[in-house]
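All residue numbers refer to positions in the sequence shown, counting from 1. The model shown is predicted, which means the values in this text are computed figures rather than measured ones. Computed over heavy atoms, backbone and side chain alike; hydrogens, waters and symmetry mates excluded.
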Amino acid sequence: MHIRSNDQVEVIAGADKGTRAKVLRILGSRNKVVVEGVARVQKHMRRSQQNPRGGRLSKEMPIAISNIMLVCPVCGKRTRTGVRTEQDGSKHRYCKRANCGKNIGPLSPARKKKETTAT
């Protein structure tokens, strides 16, 4: 997936279009993400010992990952991402904007080189 937790994203479709916020959780099996302050719903709570007043609780619901775009931390614009493999074998996400192209963050650590045995 091209989105990670704690990434800054912008909503590009839906009722909260244009909102920039942080990713709280990723639900990979359902291709959805939970974004801070986006897709809020009211959950009605019954009175209980833990919640003696009851009432309504506001919470974020998951939205489709296709409805958000990553915001590049360097250029500050929403962007598509690509993957670069470095010399040491590590992989990094990078901004695909023409003027930027900077690394956004790591995807996987460096791989250990396999030792070959001569016969």
Side-chain angles (χ1 to χ4, degrees):
M1 243 183 232
H2 63 284
I3 303 288
R4 297 269 192 216
S5 290
N6 294 325
D7 278 346
Q8 187 80 7
V9 295
E10 183 173 334
V11 180
I12 59 171
D16 295 309
K17 182 177 180 178
T19 305
R20 286 190 179 193
K22 183 174 77 165
V23 174
L24 298 176
R25 240 178 26 245
I26 295 183
L27 308 170
S29 61
R30 294 171 36 196
N31 285 331
K32 293 189 179 234
V33 293
V34 177
V35 181
E36 187 175 38
V38 174
R40 297 188 74 83
V41 296
Q42 299 290 327
K43 181 176 180 181
H44 295 79
M45 299 295 290
R46 172 170 284 202
R47 282 188 275 178
S48 65
Q49 286 186 344
Q50 292 86 14
N51 190 10
R53 292 191 55 184
R56 299 185 329 173
L57 176 71
S58 181
K59 63 183 253 184
E60 292 100 358
M61 293 299 287
I63 62 172
I65 199 163
S66 62
N67 292 341
I68 61 172
M69 278 188 86
L70 182 69
V71 175
C72 178
V74 178
C75 63
K77 297 178 181 175
R78 64 185 195 190
T79 182
R80 292 178 296 144
T81 57
V83 177
R84 277 193 195 132
T85 305
E86 303 293 330
Q87 293 285 341
D88 61 355
S90 63
K91 291 182 180 179
H92 291 276
R93 294 182 296 169
Y94 72 96
C95 176
K96 279 195 160 183
R97 283 211 165 253
N99 298 340
C100 187
K102 301 284 193 276
N103 279 347
I104 295 174
L107 278 177
S108 66
R111 301 180 100 188
K112 294 180 182 177
K113 292 183 179 178
K114 293 182 181 179
E115 294 182 24
T116 58
T117 56
T119 56

Looking at [atom1] of [X] and [atom2] of [Y], how far apart are the two atoms once the value is rounded to the nearest 0.5 Å?
X      : Y     : atom1 : atom2 : result
Lys102 : Asn99 : NZ    : CG    : 9.5 Å
Arg80  : Lys96 : CZ    : NZ    : 5.5 Å
Ser108 : His92 : OG    : NE2   : 8.0 Å

Which atom of [X] lies closest to which atom of [Y], heavy atoms considered:
X     : Y     : value
Lys91 : Thr85 : CG-OG1, 4.0 Å
Glu10 : Val71 : N-CG2, 3.8 Å
Cys95 : Thr79 : SG-OG1, 3.4 Å
Cys75 : Arg97 : SG-CD, 4.2 Å
Lys77 : Arg20 : CA-NH2, 4.2 Å
Asp16 : Ala39 : OD2-N, 2.8 Å

Taking [X] for its side chain and [Y] for its backbone only, find out whether a donor-acceptor pair lies under 3.5 Å.
X     : Y     : value
Arg93 : His2  : yes
Arg78 : Val11 : no
Asn67 : Ala13 : no
Arg40 : Ser58 : yes

Practice task
Determine, using the 4.5 Å side-chain heavy-atom cutoff (strictly less than), whether Ile68 and Ile104 are members of one ILVMFWY cluster.
Solution key: yes
Problem - Connected via hydrophobic side-chain network under 4.5 Å: Ile63 and Met69 - result: no
Run the side-chain donor-acceptor check on residues 23-37: report pairs under 3.5 Å with partners two or more places apart or on a different chain.
none

Exercise for the section: Under the side chain to side chain donor-acceptor pair (under 3.5 Å) rule, collect the residues that match up with Asp88, sequence neighbours excluded. Expected result: Ser90
Problem - Leu70 side chain reached by Arg4 side chain, heavy atoms, under 4.5 Å - result: no
